Amino acid sequence: MAYQYSRITVKIGSNVLARKDGTLDVTRMSALVDQVAELHKAGVEVVLVSSGAVASGRSEIKVSRKLDSVDQRQLYSAVGQAKLINRYYELFREHGIAVGQVLTTKESFGTRRHYLNQRHCMQVMLENGVIPIVNENDTISVTELMFTDNDELSGLVASMLDAQALIILSNIDGIYNGSPSEPGTSVIREVEQGKDLSDYIQTEKSGFGRGGMLTKTTIARKVADEGITVIIANGKRDNILTDLLEYPEDTVCTRFVPASEAVSSVKKWIAHSEGFAKGELHLNAQAVEALKGKKAVSILPVGVTCIKGDFEKDDIVRIMDAGGIQIGVGRIGVSSADARLMLGKHGKRPLVHYDYLYLE
Ligand SMILES: Nc1ncnc2c1ncn2[C@@H]1O[C@H](COP(=O)(O)OP(=O)(O)O)[C@@H](O)[C@H]1O
Ligand SMILES: N[C@@H](CCC(=O)OP(=O)(O)O)C(=O)O
């Protein structure tokens, strides 16, 4: 079977892999592996982003004292990740497919160099027929160093590897137009660009998940804006992956329509780098208007009213409007000391070139 995609990222949520009692659902895992193997053999490069370390570790350990949430996460993920990857390794081996473990942290995406190192690692795995299985390194990522959840990580991975599609598998058929448990609500099948879904999303999460539907929606929107199709579907359904690719019209899911124009690799990195911003550029109203126009415009010192924070050349900075609301992120071309000297002046070179500017 020839598929429409040649490279996809598949994110598997904790709730897909965990049973109600928290133990690992090996039957479900095995069924998903069979489908990934089928796609792999048909020539589709698949990168898996798999949650489930904490959920699989929890049932392995009896603790002698009450643990706080950081202790629990570190202990359970250390044990659970070993168990999880071991299962994947064995299940894929039955298909004669090699897998490799990539454990990462938010910080590893912070500089362009680290970002490119990670990209290279996964590219070389794919080139050699190895399926990367990615997860956050929960043992060392705590509090502000954490990704919001693996939905955020999967968006970064899909964008970094220029995947054509990101498939987010959760324990629900897609985004409902109301509370999923309420009668009369149904799955939104297609989300056009710019459509606001905030009224539909509840803050409730499923048993073992971290971020909930809100982060899925935010990430899906951002990734689709980069030209990547994003699909949210139910990983508990039999044959979901193969059905999504073989019978897209007949398989229930929420699909985010991708932007028609591709975004450059460096802009994709910048789009996902907000968490690493070292400072802020506050713009005047005319500069904001120019940026929002149709033409590609760089940020010149004359349009900047205030600079916050200390940063070096090439760091990421937030771009704020006159009311202090963030409108984008960019890679700065000079240090904060030099930028302050140029502030408000005419005839100077751009502080952020439009090639390195991402507007929300
Ligand atoms: N409008 C909505 N449509 C679908 N699910 C929603 C909606 N609002 C909130 N949710 C909740 O989001 C959950 C999925 O997110 P999450 O718990 O993070 O799962 P995962 O572990 O797969 O990442 C669903 O089980 C559901 O309870
Ligand atoms: N890295 C964690 C996953 C945390 C997470 O984001 O979970 P989920 O919301 O189910 O994707 C783990 O493996 O347990």
Side-chain angles (χ1 to χ4, degrees), residues 9-20 22 24-25 28-29 32 48-60 69-70 72-85 87-88 101-106 133-142 145-157 166-182 184-189 191 195-220 231-237 240 252-254 256:
T9 300
V10 177
K11 185 257 173 173
I12 306 181
S14 309
N15 291 291
V16 176
L17 296 180
R19 289 202 191 87
K20 281 204 178 78
L24 202 58
D25 185 347
R28 178 59 48 205
M29 207 172 162
L32 286 165
L48 273 185
V49 176
S50 180
S51 302
V54 175
S56 5
R58 188 171 276 125
S59 55
E60 292 293 308
S69 61
V70 173
Q72 283 187 31
R73 204 166 149 255
Q74 292 187 310
L75 176 67
Y76 296 149
S77 68
V79 176
Q81 179 64 28
K83 183 175 152 189
L84 187 72
I85 201 73
R87 284 283 187 201
Y88 274 124
Q101 172 177 257
V102 180
L103 292 182
T104 186
T105 63
K106 194 167 180 171
I133 303 184
V134 187
N135 196 359
E136 180 169 14
N137 189 347
D138 298 292
T139 59
I140 55 163
S141 311
V142 284
L145 296 175
M146 280 157 61
F147 290 105
T148 315
D149 60 15
N150 269 353
D151 298 321
E152 184 185 6
L153 174 59
S154 68
L156 264 161
V157 169
L166 165 63
I167 301 177
I168 298 180
L169 296 180
S170 185
N171 62 342
I172 197 140
D173 286 336
I175 303 178
Y176 279 73
N177 56 1
S179 177
S181 50
E182 245 170 58
T185 56
S186 57
V187 172
I188 303 168
R189 297 295 300 268
V191 182
K195 181 152 171 41
D196 180 17
L197 294 175
S198 54
D199 282 353
Y200 302 134
I201 313 298
Q202 331 291 309
T203 46
E204 81 203 44
K205 279 178 256 174
S206 48
F208 302 102
R210 197 155 93 199
M213 195 47 82
L214 197 58
T215 48
K216 282 188 219 323
T217 310
T218 311
I219 289 299
I231 294 166
I232 299 178
N234 195 338
K236 294 263 190 203
R237 283 197 184 274
I240 185 69
V252 180
C253 67
T254 299
F256 284 72

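Keep in mind the model is a prediction, meaning the values are calculated, not measured. Hydrogens, waters and symmetry mates are skipped; everything else that's a heavy atom, side chains included, is used. Ligands are counted one by one from 1 in listed order, and the atoms in each one are counted from 1 as well.
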Chemist: Would you mind listing which atoms of ligand 2 come within a distance below 4.0 Å of any non-hydrogen atom of Lys11?
Modeler: 8 (P), 11 (O)
Chemist: Do any heavy atoms of Ser77 fall under 4.0 Å from ligand 2?
Modeler: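 Checking ligand 2 against Ser77, which is what was asked, there is no heavy-atom contact under 4.0 Å.
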Chemist: Flag yes if more than 12 heavy atoms outside Arg28 fall under 6.0 Å of its CZ atom; otherwise flag no.
Modeler: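 Check passes, neighbour count above 12.
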Chemist: Applying a strict 4.0 Å limit to heavy atoms, is Gly235 in contact with ligand 1?
Modeler: no
Chemist: Please identify which atoms of ligand 1 are closer than 4.0 Å to at least one heavy atom of Asn15.
Modeler: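 That gives atoms 17 (O), 19 (O), 20 (P), 21 (O) of ligand 1.
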Chemist: Between Lys236 and ligand 1, find which residue part has any heavy-atom pair under 4.0 Å and reply side chain, backbone, both or neither.
Modeler: neither
Chemist: Pairs of nitrogen or oxygen atoms closer than 3.5 Å, one from Ser50 and one from ligand 2: do any exist?
Modeler: no
Chemist: Ignoring angles and geometry beyond distance, decide whether Val54 reaches within less than 3.5 Å of ligand 2 through its nitrogen or oxygen atoms.
Modeler: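 Yes; at least one N/O pair falls below 3.5 Å.
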Chemist: Ignoring angles and geometry beyond distance, decide whether Glu136 reaches within less than 3.5 Å of ligand 2 through its nitrogen or oxygen atoms.
Modeler: no
Chemist: Could you check whether any side-chain N or O of Arg73 sits under 3.5 Å from a backbone N or O of Thr139, counting only pairs where one atom can act as donor and the other as acceptor?
Modeler: no
Chemist: Could you tell me whether some N/O pair between Asn135 and ligand 2 is separated by less than 3.5 angstrom?
Modeler: yes
Chemist: Using a strict cut-off of less than 4.0 Å between a Lys/Arg side-chain nitrogen and an Asp/Glu carboxylate oxygen, indicate whether Arg237 and Asp173 qualify as a salt bridge.
Modeler: yes
Chemist: Go through ligand 1 atom by atom and flag the ones less than 4.0 Å from a non-hydrogen atom of Lys11.
Modeler: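 Listed by number with element: 23 (O).
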Chemist: What atoms of ligand 2 come closer than 4.0 angstrom to any heavy atom of Asp138?
Modeler: 1 (N), 2 (C), 12 (C), 13 (O)
Chemist: Using a 4.0 Å cutoff against the non-hydrogen atoms of Asp149, which atoms of ligand 2 qualify?
Modeler: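 Going through ligand 2 atom by atom, the ones under 4.0 Å from Asp149 are 6 (O).
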Chemist: What part of Ser170 sits under 4.0 Å from ligand 1 if we count only heavy atoms: the side chain, the backbone, both or neither?
Modeler: both
Chemist: Nearest heavy atom to atom 12 (C) of ligand 2 wins, so pick from Ala53, Ala55, Gly80.
Modeler: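 Nearest heavy atom to atom 12 (C) of ligand 2 lies in Ala53.
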Chemist: Run the contact test for Ser179 against ligand 1 with a 4.0 Å cut-off on heavy atoms, strictly below, and give the result.
Modeler: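 Heavy atoms of Ser179 never come under 4.0 Å of ligand 1.
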Chemist: Starting from the C-alpha separation in whole Å, work towards a yes-or-no answer on side-chain contact (heavy atoms from CB on, under 4.5 Å) for Leu17 and Leu84.
Modeler: CA-CA 10 Å; Leu17 296 180; Leu84 187 72; 4.0 Å; yes
